Structures are given as C-alpha cells and as structure tokens.
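Structure first, commentary second.
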Amino acid sequence: MIVVLLAVISWAAQAQKSFDLVITNGHIVDGTGSPWYSGDIGIRDGKIAAIGNLGSSLRNRTVDAKGKVVAPGFIDLLGQSELTILVDPRLPSKIFQGITTEITGEGGSAAPLNDAIIKSDQSTYDHYHITPDWRTLRQYFDRLQKQGMGINLATYIGATQVRRMILGDADVQPTPQQLEQMKELVRQGMRDGAVGVSTSLEYTPAPYAKTEEIIALAAETSKFGGIYATHMRSESDAVLSSIDEALRIGREAHVPVEIWHLKVAGKNNWGRMPDVVAKINQARAEGADVTADTYAYPAWFNDFSAFIPPWAHDGGTAKMVERLKDPVTRERIRKDLLTPTSEWDNEWQEIPGPESILIGVVHNPKLLSLQGKRLSEIAKLWNKDPMDALFDLLIDDHGDTAVAVFGMSEPDVTLALQQQWVAINNDSSGTSPEGLLGQEHPHPRAYGTFPRILRKYVREEKKLTLEDAIRKFSSLPAQRLRLTDRGVLKAGMWADVVVFDPATVRDLATFENPNQLSQGMDYVLVNGVAVIEEGKMTGKLPGKVLRGAGYVQ
C-alpha cells in the first residue's frame with residue numbers, strides 16, 4: 001500500500017512540473033510490439049517524463065495527435081552517412097522517413113585514418129568537398145558535435161579500415177606483430193565509442209582477410225561489450241557457407257552477430273530464402289545470438305567496381321583501373337566474369353543481363369548524364385559490348401561509380417522482412433534533393449525505406465502488422481545495439497518520437513526519380529526537439545553521438 005501511495009505521489013509530482021511539450025490524443029505504439037493504447041506523452045529536458053492522462057498538466061506547448069500514431073523514432077541499423085552528415089547535417093532524406101538514429105561504419109569507417117588512406121580516397125573527399133581533419137574516431141565525433149547533427153549517430157570500427165591502416169590495400173596476410181597492431185586499433189576504437197567491429201567482405205581489400213583475422217578483431221570488441229556486424233563474404237551462391245563463417249566468428253570471438261541486408265542474390269538463387277531462414281533459426285535455437293536486417297527492395301546498391309574480381313583490386317582502386325586498361329589483363333577479367341564460381345561474389349553471373357544495372361552516382365562530372373541510365377542503354381549509346389562499357393565506365397570514373405543492381409526476387413525479400421529477428425536498415429547515406437547531394441542519383445531506399453514498408457508491407461499487402469513494423473524500426477535495433485535508453489516509448493527514455501498518419505504515410509522515391517522526400521511524418525522529435533514540425537523541416541540539429549559500452553571518457 002505504501003509503495004502504491006509513493007508511486008501515485010511521485011506521478012502527481014511529475015504532473016505538477018511544467019512539460020516542454022505534451023503530445024495528446026494519439027494512438028501510442030510503444031515499440032515493444034504490443035497493441036496501441038491511448039494516452040498523453042509529456043516531454044521535459046529531452047526525455048519522456050511521463051505517459052498517461054496529462055490533461056491538467058502544465059506545459060509550454062501541445063501537439064494534438066488525434067487520429068495519428070505516436071511511436072519511437074526509427075533506428076537505421078546501417079546508414080552510411082559518416083561523410084554526408086558533414087555536407088548537410090540536417091539529413092533530410094533520413095528525418096522525413098522518421099529516422100532519428102543511424103548506425104554506420106560498414107567495413108570501412110570514418111576513422112582511424114592515416115595519410116595513405118586519405119590519399120587513396122581523396123576523390124571521395126573531393127567529391128563531397130570535405131577536408132578530413134580527424135584521425136581517430138574520438139576526433140571525428142568531436143567534429144560532429146561541434147557542427148551539430150539532425151539525428152543521433154553511432155558507428156562501428158571497420159575491420160577493413162583497420163586492415164588498411166596497417167597493411168594498405170594489398171593482398172597480403174598480417175604478421176603476428178601486425179595483427180597485434182590491428183587489434184590495438186580496434187581496442188582504441190572501442191574506447192573512443194565504437195559500438196562494435198564490422199566487416200564488408202565483398203569489397204576489397206576485405207576479401208583478403210582470412211576468418212582467423214576477423215575472429216581476432218571481433219574478440220577484441222567483445223571485451224568492450226560490442227557486437228560483430230557483417231556484409232557477408234557472399235550473399236549469393238555461397239550464402240549458406242558465409243552464414244556459417246559469420247556464426248563461427250561470433251562463436252569463437254564470444255560476440256553477438258548482426259547480418260546486414262539479409263538477401264539471396266542472383267537469379268540462380270531466387271527461392272533460397274527459406275534455406276537461409278532455416279539456418280539462422282537453427283543457429284538461434286542452438287544458442288547463437290544472431291540477428292539480421294533488411295531494406296526490403298529487390299535491388300541492392302554498391303560500388304560498380306564490385307563486379308571486378310578481388311585479385312584485380314590488389315594494391316587499390318588505381319591499380320584496378322590500370323589493369324582494366326591493359327588488354328591482356330582486361331581479357332583475364334572478362335573471362336572471370338563469364339565463369340560461374342562460388343569463390344567470389346560474381347555479380348555478373350547474378351543478374352539477368354546488363355539492363356539489370358542502373359548507374360547511380362558518378363564522380364567524374366563529364367559522366368553526370370549517365371546517372372539514371374541502365375548499362376544496356378550506355379552500351380548501345382557507346383556502340384560497345386556491355387562488358388566493355390562496364391570496364392570503360394570504371395576507367396573514365398576512376399573506379400568510383402556506384403550502381404543499383406536488380407538481383408533479388410520479391411518473395412525472398414518479403415520472407416526475410418517477416419522474420420521476427422529481422423530489423424531494418426537504409427544501407428544508404430543521408431542525402432537531400434538540394435545542393436551538392438541532390439546532384440547524385442541514389443537508390444530510392446535512401447529516401448523511402450521506412451515509409452515504403454509502412455505503405456507496401458503494412459497498409460497494402462498486410463505482410464506485417466503496424467505494431468510489428470514499429471518494433472522492427474525501434475526496440476529491436478535498440479536491443480541489438482544495447483541502446484538501453486532509446487527504442488521504446490517509456491518514462492525516462494530519450495524523447496526520439498515520431499507522429500504520423502498510418503493511412504497516408506508513403507514513399508515517393510523511385511529508381512527513375514529517387515531524389516524525392518517521403519511524406520506523412522507530421523512530427524519527428526530527436527532528443528525532444530522537433531526536426532520536423534507540421535510536416536516541415538525545422539533545420540534544428542539536436543542529434544547526439546551515441547557511444548558504445550566500451551567508451552572511455
């Protein structure tokens with residue numbers, strides 16, 4: 001009785017304090033998967049201070065959410081915005097989807113950096129007009145906090161980044177001393193605030209790393225409470241053995257595993273998602289802490305250079321371009337692309353034809369007119385064989401082109417999305433229809449992933465319930481990243497909140513015209529501050545750097 005009385009007194013005391021904002025009359029979908037309930041949400045000092053009947057409470061302002069859903073802000077489990085957030089820190093493409101937190105760092109990460117990496121990647125920094133004036137994650141985070149940011153951001157430390165710091169871009173194996181240097185870089189990254197270590201094993205120089213190297217690095221992140229996230233070595237013919245590798249890394253490094261953008265890629269693999277789901281379900285039943293995420297589109301988006309076999313990347317992108325110019329080596333590359341294999345992810349073998357490749361982002365201004373065109377169109381325009389057009393485009397763009405590749409089947413995409421252990425990622429950097437970023441031609445997922453799931457898979461096709469979709473957007477990724485103070489609407493949590501009408505929220509971005517903001521987010525709050533208010537961007541930058549459990553201040 002005394003405990004109940006004290007709770008009532010405490011609640012009454014909270015209600016007497018003035019709230020910064022009270023959201024009233026909404027259908028609260030709290031992120032746990034539970035059915036909606038009615039109530040008011042009182043926000044104070046950036047956090048949810050109370051939930052209940054707050055009709056008589058003092059407040060600075062009120063948002064009437066009648067007929068709308070009130071939910072936790074959406075968490076993008078793989079966002080890629082580490083550089084574009086320095087170009088436009090508001091990240092319009094993200095906030096108009098309801099995204100309030102992004103996790104980034106896919107194999108490569110913003111740091112650590114050295115002069116050799118900066119020189120190798122200079123064209124990317126030049127493309128975005130960025131001067132990389134940081135060398136460590138701590139210094140990068142300091143730059144973010146100084147400039148401000150529209151959403152919260154956390155990052156992995158990339159195993160590729162660590163490898164490049166010590167071994168460069170060459171196809172070599174580390175000596176015991178070099179491996180120890182790499183492990184120390186991971187430890188430093190975790191102390192700087194990384195949430196774990198990540199691999200992107202399709203993109204060189206990552207394929208040169210043996211499993212034992214990755215286990216050694218992942219074991220270091222485990223000591224700091226981190227996780228291991230991976231773009232697996234193969235998502236096509238060797239997808240099941242690649243899952244086995246990821247599970248082995250988790251098991252031997254004693255670390256949870258997140259499989260990024262779960263898919264079965266390539267026309268020969270369409271229909272294999274049930275096998276993938278069964279393997280992961282079996283692993284979970286045997287005690288493996290493994291989960292996954294998806295962006296739920298039938299096309300992926302990656303570097304065009306991923307079509308080139310790993311051996312041809314030895315020494316870096318410039319070396320690859322030189323090999324494409326050499327007639328003898330070029331013919332060897334052509335032969336490799338025409339040969340089915342499970343030794344590497346041969347994307348040329350995974351697509352129905354050159355019409356399945358859409359040119360996205362180019363860095364050479366002379367090639368801007370090719371953005372949005374299919375490789376088949378360019379081959380016809382240039383009067384060339386499609387593979388020669390591929391090679392020559394990479395040469396002309398210095399290996400920096402990004403493409404959308406149509407290589408998945410819709411039933412496989414849907415089945416992955418429906419698994420209870422699958423959350424959501426954008427797998428695209430934050431962007432904007434305006435300015436420098438608006439000149440690019442990204443995958444439509446950059447603008448549309450979360451609203452598209454609400455429109456297509458919840459409202460139209462009823463493949464998910466609204467409550468389960470919101471759980472996949474919020475508490476599930478928060479749980480995976482151990483963000484214990486986000487992802488659920490509950491007193492004491494940070495006030496990352498979205499208000500939207502589930503009957504009208506929708507994506508507009510298409511593969512033909514991707515630079516279109518999604519519609520339907522009436523309010524998006526980040527740490528209690530509106531970055532979208534009455535459907536319009538406020539320009540405020542209330543985001544925070546989110547650091548992992550191993551962070552040392």
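Only a predicted model underlies this, so the values are computations on that prediction, with no experimental measurement involved. Just so it is clear, the values below take in all heavy atoms, side chains as well, and ignore hydrogens, waters and symmetry mates.
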Looking only at side-chain N and O atoms, does [Y] offer a donor or acceptor that is under 3.5 Å from a partner on [X]?
{"X": "Glu245", "Y": "Thr211", "result": "yes"}
{"X": "His441", "Y": "Glu512", "result": "no"}
{"X": "Asn346", "Y": "Glu350", "result": "no"}
{"X": "Asn527", "Y": "Trp494", "result": "no"}
{"X": "Gln80", "Y": "Asp427", "result": "yes"}
{"X": "Glu377", "Y": "Trp382", "result": "no"}
{"X": "Thr199", "Y": "Tyr228", "result": "yes"}
{"X": "Gln139", "Y": "Asp133", "result": "no"}
{"X": "Asp336", "Y": "Trp311", "result": "yes"}
{"X": "Thr291", "Y": "Glu258", "result": "yes"}

Output yes when a side-chain donor or acceptor of [X] lies under 3.5 Å from a complementary backbone atom of [Y], and no otherwise.
{"X": "Arg323", "Y": "Ala312", "result": "yes"}
{"X": "Gln161", "Y": "Pro112", "result": "yes"}
{"X": "Gln97", "Y": "Thr449", "result": "yes"}
{"X": "Glu533", "Y": "Val524", "result": "no"}
{"X": "Arg452", "Y": "Ala509", "result": "no"}
{"X": "Ser109", "Y": "Gly158", "result": "yes"}
{"X": "Asn152", "Y": "Lys544", "result": "yes"}
{"X": "Glu235", "Y": "Val264", "result": "no"}
{"X": "Ser242", "Y": "Ser234", "result": "yes"}
{"X": "Asp293", "Y": "Leu77", "result": "no"}

Is the shortest heavy-atom distance from the side chain of [X] to the side chain of [Y] under 4.5 Å?
{"X": "Thr101", "Y": "Phe74", "answer": "no"}
{"X": "Thr104", "Y": "Ser81", "answer": "no"}
{"X": "Lys94", "Y": "Asn426", "answer": "yes"}
{"X": "Thr84", "Y": "Asp88", "answer": "no"}
{"X": "Thr401", "Y": "Val403", "answer": "yes"}
{"X": "Val413", "Y": "Lys263", "answer": "no"}
{"X": "Met387", "Y": "Trp348", "answer": "yes"}
{"X": "Val162", "Y": "Val186", "answer": "yes"}

Worked verdict on Trp260 versus Tyr295 for ring-ring contact (aromatic ring centres under 6.0 Å, His included)
CA-CA 9 Å; Trp260 276 324; Tyr295 44 78; over 10 Å; no
Test side chain to side chain contact (heavy atoms under 4.5 Å, CB included) applied to Arg334 and Asp385, step by step:
CA-CA 11 Å; Arg334 178 191 297 275; Asp385 168 80; 3.3 Å; yes
Taking atom CD of Glu322 and atom OG1 of Thr317, what is their separation to the nearest 0.5 Å?
11.5 Å
Smallest separation among heavy atoms of [X] and [Y], with atom names:
{"X": "Gln173", "Y": "Tyr208", "value": "NE2-O, 2.8 Å"}
{"X": "Pro451", "Y": "Phe96", "value": "CG-O, 4.4 Å"}
{"X": "Asp76", "Y": "Leu78", "value": "OD1-O, 3.0 Å"}
{"X": "Leu179", "Y": "Ala216", "value": "CD2-CB, 4.1 Å"}
{"X": "Pro256", "Y": "Gly226", "value": "CD-O, 3.9 Å"}
{"X": "Ser93", "Y": "Ser429", "value": "OG-O, 4.3 Å"}

Show your working on ring-ring contact (aromatic ring centres under 6.0 Å, His included) between Tyr125 and Tyr128 and close with a plain yes or no.
CA-CA 5 Å; Tyr125 295 119; Tyr128 289 120; 9.0 Å; no
Is there a side chain to side chain donor-acceptor pair (under 3.5 Å) between Trp300 and Glu347 once you walk through the steps?
CA-CA 11 Å; Trp300 60 84; Glu347 293 192 24; 3.1 Å; yes
Of all residues at least two apart in sequence or in a different chain, which pass the salt bridge (charged side-chain N to carboxylate O under 4.0 Å, His left out) check with Glu440?
none
Sidechain N-carboxylate O distance under 4.0 Å for [X], [Y]:
{"X": "Lys456", "Y": "Asp507", "value": "no"}
{"X": "Glu184", "Y": "Arg187", "value": "yes"}
{"X": "Asp392", "Y": "Arg330", "value": "yes"}
{"X": "Lys319", "Y": "Asp314", "value": "no"}

What do the steps show when you test Leu393 against Phe304 for side chain to side chain contact (heavy atoms under 4.5 Å, CB included), and what is the final call?
CA-CA 9 Å; Leu393 179 51; Phe304 206 10; 3.7 Å; yes
Using the ring of Tyr297 (Phe, Tyr or Trp, six-membered ring only), decide whether Arg445 places NZ or CZ under 6.0 Å from its centre and within 45 degrees of its axis.
no
I need the full list of salt bridge (Lys or Arg N to Asp or Glu O under 4.0 Å) pairs touching residues 157-167, with sequence neighbours left out, sorted by first then second residue.
Asp121-Arg164, Arg163-Glu213, Arg164-Asp169
Begin with the C-alpha distance, continue with both residues' side-chain angles, and end with the deciding distance and a verdict on side chain to side chain contact (heavy atoms under 4.5 Å, CB included) for Thr155 and Ile103.
CA-CA 5 Å; Thr155 187; Ile103 321 300; over 6 Å; no
Side-chain donor-acceptor contacts of residues 354-365 below 3.5 Å, not counting sequence neighbours, with atom names and distances?
unit_1, atom_1, unit_2, atom_2, d
Ser356, OG, Gly353, O, 3.3
Asn364, OD1, Lys366, N, 3.0
Asn364, ND2, Asp396, O, 2.9

Show your working on side chain to side chain contact (heavy atoms under 4.5 Å, CB included) between Met182 and Leu217 and close with a plain yes or no.
CA-CA 7 Å; Met182 293 163 70; Leu217 300 183; 3.9 Å; yes
Could you check whether atom [atom1] of [X] has more than 12 heavy atoms from other residues, nucleotides or ligands sitting under 6.0 Å from it?
{"X": "Lys540", "atom1": "NZ", "result": "no"}
{"X": "Lys183", "atom1": "NZ", "result": "yes"}
{"X": "Asn383", "atom1": "CG", "result": "no"}

Determine, step by step, whether Tyr203 and His313 satisfy the ring-ring contact (aromatic ring centres under 6.0 Å, His included) criterion, reporting the C-alpha distance in whole Å, the side-chain angles of both residues, the deciding distance to 0.1 Å, and the verdict.
CA-CA 9 Å; Tyr203 309 124; His313 292 258; 9.1 Å; no
